[in-house]
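First the structure, in the form of structure tokens, and then the observations on it.
So that the names make sense, note that chain A is the first sequence line, chain B the second, and so on, each numbered from 1. Because the structure is predicted, anything quoted here is derived from the model rather than measured.
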2 protein chains.
Amino acid sequence: MQADVLAVLRRRDAPMSAYEVLDRLRDGNSRLAPPTIYRALAALIEGGRVHRLESLKAFVACKCEQHGHVPIFSICKECGTVEEAVSRRITNELSRIAGQSGFAPARHVIEVHGQCARCESKEAPA
Amino acid sequence: MQADVLAVLRRRDAPMSAYEVLDRLRDGNSRLAPPTIYRALAALIEGGRVHRLESLKAFVACKCEQHGHVPIFSICKECGTVEEAVSRRITNELSRIAGQSGFAPARHVIEVHGQCARCESKEAPA
DNA sequence: GAGTTCATGTTATATTATAACCTATCTTGC
DNA sequence: GCAAGATAGGTTATAATATAACATGAACTC
């Protein structure tokens, strides 16, 4: 099931809601309920192979080689595509800030909403 | 209504769900429905006086003097308290990363989950 | 093959959020 | 004053997201 869910997510580079994944998988198997999908997603996220975009309530397959990093997502509000980046500077600076108050970070959520280069140039084709 | 919602949020330093706010306000006024609360929250967020914690689906009053900054939240998974920080370095670095791919940032979501100093010392009182 | 474990199925429901439409109040210019 | 528009909020209904709780079945263990 995890493999099926991951395959569906990988066929898109835009995020999908859990119910979109569900609908997509129901094409072949009508007896499929939300908990099945949410369980698979939870396991995939645990393993770092899928990320949840908190601000979109949606999920994407991880595009990085190595999992276990801190992902930084750029989310285009026009076309919905998502880029995944990594920055040690950001991770370090967040640790530094947390350290000032003795906070022990366990999980980071970094999401940037905006407009990708492609959509920007379409909108204002100078 | 915005004032009422803001007052409720300010009485706590932990995040509240929209429905917690609703219940709290219903104490005095039983005829109050979700859209009313969500509208007030939307306006407050627009004005920078309230933030939505995306990863918690919850809301907090902004604690900063000046609104319009990029807030960085530290969320304690034990006690639920939230600290709000600002870092120009992070903002700059995020802009730099975005710039590399021509992405135009409009809104930032930065949330760090972990354990606050207080809860850490309680748990392992060395 | 009885007992255990693990993934998944199943049913029901909780939680979060918004659409669509209505009503009241305020405001502004005449 | 009062019509016209603007704005906030009320009301009803429902959409979208997520999980609890329990049942089933296959696979493995001894």
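Rounded to whole angstrom, the span from the CE atom of A:Met16 across to the P atom of D:dA16 amounts to 15 Å. When rounded to the nearest whole Å, the span between CG of A:Leu41 and P of C:dA7 equals 15 Å. Rounded to whole angstrom, the span from the CG atom of B:Asp4 across to the P atom of D:dG10 amounts to 10 Å. As rounded to whole Å, 13 Å separates atom C1' of D:dA8 from atom CG of B:Leu32. Separating the CG atom of A:Asp23 from the P atom of D:dA15 is a distance of 14 Å, rounded to the nearest angstrom. As a whole-Å value, the separation of B:Leu22 CG from D:dG9 C1' is 14 Å. Between B:Arg31 atom CZ and C:dC22 atom C1' the separation is 14 Å, expressed in whole Å. B:Leu53 has its CG atom 15 Å from the C1' atom of C:dT16, to the nearest Å.
Just one residue in the list A:Val8, A:Leu32, A:Thr36 forms a side-chain contact (heavy atoms from CB on, under 4.5 Å) with A:Leu22, and that residue is A:Leu32.
In the set C:dG9, D:dG10, C:dT10, the nucleotide with an atom closest to the side chain of B:Thr36 is D:dG10. The side chain of A:Pro35 lies closest to D:dT19, out of D:dT12, D:dA18, D:dT19. Distances were taken from every side-chain heavy atom of A:Pro34 (C-beta onward) to each of C:dT18, D:dT11, D:dA18; the shortest belongs to D:dA18.
Within the structure, a side-chain polar atom (N or O) of A:Ser17 is placed less than 4.0 Å from OP1 or OP2 of D:dT17. For the OP1/OP2 pair of D:dA18 and a distance below 4.0 Å, the side-chain nitrogens and oxygens of A:Tyr38 include at least one atom meeting the criterion.
Rounding to the nearest 0.5 Å places CD1 of B:Ile110 at 11.0 Å from NE2 of A:His108.
What you find for A:Val86 and A:Cys64 is that their closest heavy atoms are CG2-SG, 4.5 Å. B:Glu84 and B:Pro71 get closest at one heavy-atom pair: OE2-CB, 3.6 Å.
Both A:Lys57 and A:Gln2 lie near DNA chain C, and the one whose nearest nucleotide falls closer to the 5' end is A:Gln2. If you find the closest nucleotide of DNA chain D to B:Ala40 and to A:Phe59, the one lying nearer the 5' end belongs to B:Ala40. If you find the closest nucleotide of DNA chain C to B:Arg39 and to B:Ala58, the one lying nearer the 5' end belongs to B:Ala58.
B:Tyr19 contributes no side-chain N or O that forms a donor-acceptor pair with the base of C:dA14 under 3.5 Å.
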query = Hey, mind stepping through A:Lys57 and A:Arg52 against side-chain contact (heavy atoms from CB on, under 4.5 Å) and telling me if it holds?
reply = CA-CA 7 Å; A:Lys57 308 181 210 336; A:Arg52 177 169 197 273; 3.7 Å; yes

